[in-house]
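The first residue of the sequence shown is numbered 1, and numbering continues consecutively from there.
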Amino acid sequence: MAFGMKQWIAVTLVGLGLVAAWRLPPESPEPMGETVRTAEQIRFDQLSTEFRIASESLFRLGWADSLAREVVADHDLVTVLLPGSDEPALEAQRSRLEARIEQTLTARPGARQMAFGLVFQPHDHRREDGAVNATERTETYVGHLNGVSYCMQVRVAATDYVTQAFARRVAGTDTERPTSDDLGPCRYYVSYGVAGARIQAWLEAGAVTFGIEAGDQPESELPGWYGGRRAPLGFSSVSRGPEGRIVDRCRAGLVSACSQYFEGAHHLVTSVQREVARRTPAVAVETTSGFRNAFRDQQYILSDLEAEFGPDAFQRFWTSERDVGEAFEAAFGVDCGTWLVSWIDRTMGVDPPGPGLSRSASSGAMLTFGVLLGFAYWRRRERTVAS
């Protein structure tokens with residue numbers, strides 16, 4: 001029996017039904033089988049972690065001590081440190097970078113609360129203490145030395161490429177964050193002073209990631225694919241673990257999950273990074289493997305808060321001695337979960353809960369329907385002419 005248009009449409013609908021039954025609703029992946037580890041293996045892993053934390057804390061304490069002494073001894077509010085900068089060409093560029101940072105700070109609200117230092121640091125300085133990680137990164141240090149409060153951005157580069165990293169920063173082509181300015185999280189310390197104890201603990205636990213960038217993110221940095229669980233044919237992934245599920249529920253617009261995400265930002269860094277930040281003046285210990293994105297533009301969250309509510313409200317939040325959630329609501333007049341949902345909706349769009357296709361799939365679906373209907377019409381017409 002020859003297929004007519006009705007048969008083709010029926011086959012298409014049945015196929016779509018089979019695809020829907022196959023892909024929707026999404027199911028959590030099966031848990032991977034865990035092998036039973038011996039007591040020796042467990043203890044060895046614990047000792048390895050303790051050794052890594054101790055070694056990374058030790059050399060950062062040394063960095064903080066030696067570098068901060070130079071920053072506060074300079075008696076300037078802005079200091080740029082670069083090995084070998086006594087060469088005339090490097091000295092001129094160093095002064096140029098200091099002037100640019102001074103201009104950025106002048107545009108910030110409030111009076112200067114801290115000295116600021118931008119340090120270009122060889123990765124193996126204090127190698128004997130364990131400083132051997134050549135990963136390109138920028139770390140944030142905050143402290144008080146000789147009666148002077150300071151905040152430093154330490155731009156770490158491989159020993160042979162420190163000057164190149166400095167040149168890229170001067171030219172504005174450095175790809176290591178922060179890319180929007182040279183201040184990073186120090187912009188808030190310099191403007192508002194030391195954070196409240198509980199806010200500081202929150203920052204050290206990972207929330208400092210929210211304050212890396214400032215201003216409007218360039219369009220070229222916005223990856224269109226990032227920020228949604230749904231692919232053209234359905235869900236591209238379902239997160240594992242409780243932290244991943246919190247992120248998924250927050251991206252779906254659930255206020256309670258967004259409150260959990262914002263207040264418990266510890267999942268933004270690794271446990272080792274978090275412990276090193278707790279033990280040392282280093283607030284942000286960023287590495288490629290530990291830098292985690294849950295949302296597009298999440299590095300701009302504190303900047304967006306400051307811009308939306310103003311410097312006075314932001315200072316009340318920054319210096320509050322309350323828990324993060326209470327401090328947020330008291331300073332901004334809205335709970336952090338509700339505000340974060342609105343922020344997600346503005347920046348990347350809320351991903352509605354439940355099974356369904358991505359927004360981008362609608363045009364593809366209509367195109368597919370058109371192609372199938374055209375093919376069915378063509379086959380029907382061909383058979384009619386032949387008969």
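- Of the listed residues (Arg187, Arg177, Gln299), just one forms a side chain to side chain donor-acceptor pair (under 3.5 Å) with Glu213, and that residue is Arg177.
- Under the 30°/60° scheme for interplanar angles, the aromatic rings of Phe262 and Phe328 are found to stand perpendicular.
- With respect to the salt-bridge test (charged N to carboxylate O, under 4.0 angstrom), the residues Arg346 and Glu308 qualify.
- Between Phe59 and Trp63, the ring planes lie perpendicular to each other; the angle is over 60°, past the 30° to 60° tilted range.
- Looking at Arg60, its side chain never comes within 3.5 Å of a backbone N or O of Ser57 through a donor-acceptor pair.
- The main-chain N or O of Val156 is never found under 3.5 Å from a side-chain atom of His123 such that the two would form a donor-acceptor pair.
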Quick one, Thr173 with Arg168, criterion side-chain hydrogen bond (donor to acceptor under 3.5 Å, both in side chains). Give me CA distance, side-chain angles, the key distance, then yes/no.
CA-CA 5 Å; Thr173 59; Arg168 290 197 301 271; 5.6 Å; no
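- Less than 6.0 angstrom separates the ring centroid of Tyr188 from the ring centroid of Phe314.
- The aromatic rings of Tyr189 and Trp318 stand perpendicular to each other, their planes meeting at an angle above 60°, with 30° marking the opposite boundary.
- With rounding to the nearest 0.5 Å, the separation of CG in Asp45 from CD in Glu50 is 11.0 Å.
- The distance from atom OG1 of Thr79 to atom CD of Glu70, rounded to the nearest 0.5 Å, is 9.5 Å.
- Using a cutoff of 4.0 Å between basic side-chain nitrogens and carboxylate oxygens, Glu98 and Arg100 are not scored as salt-bridged.
- Contacts of Cys336 classified as disulfide (SG to SG under 2.5 Å), with partners at least two apart in sequence or in another chain: none.
- Formation of a donor-acceptor pair under 3.5 Å by the Arg137 side chain with backbone atoms of Thr135 is found in this model.
- For Phe116, the ring pair (Phe, Tyr, Trp, His ring centres under 6.0 Å) criterion is met by no residue, not counting sequence neighbours.
- Ring geometry, Phe317 versus Phe332: the interplanar angle falls from 30° to 60°, so the pair is classed tilted.
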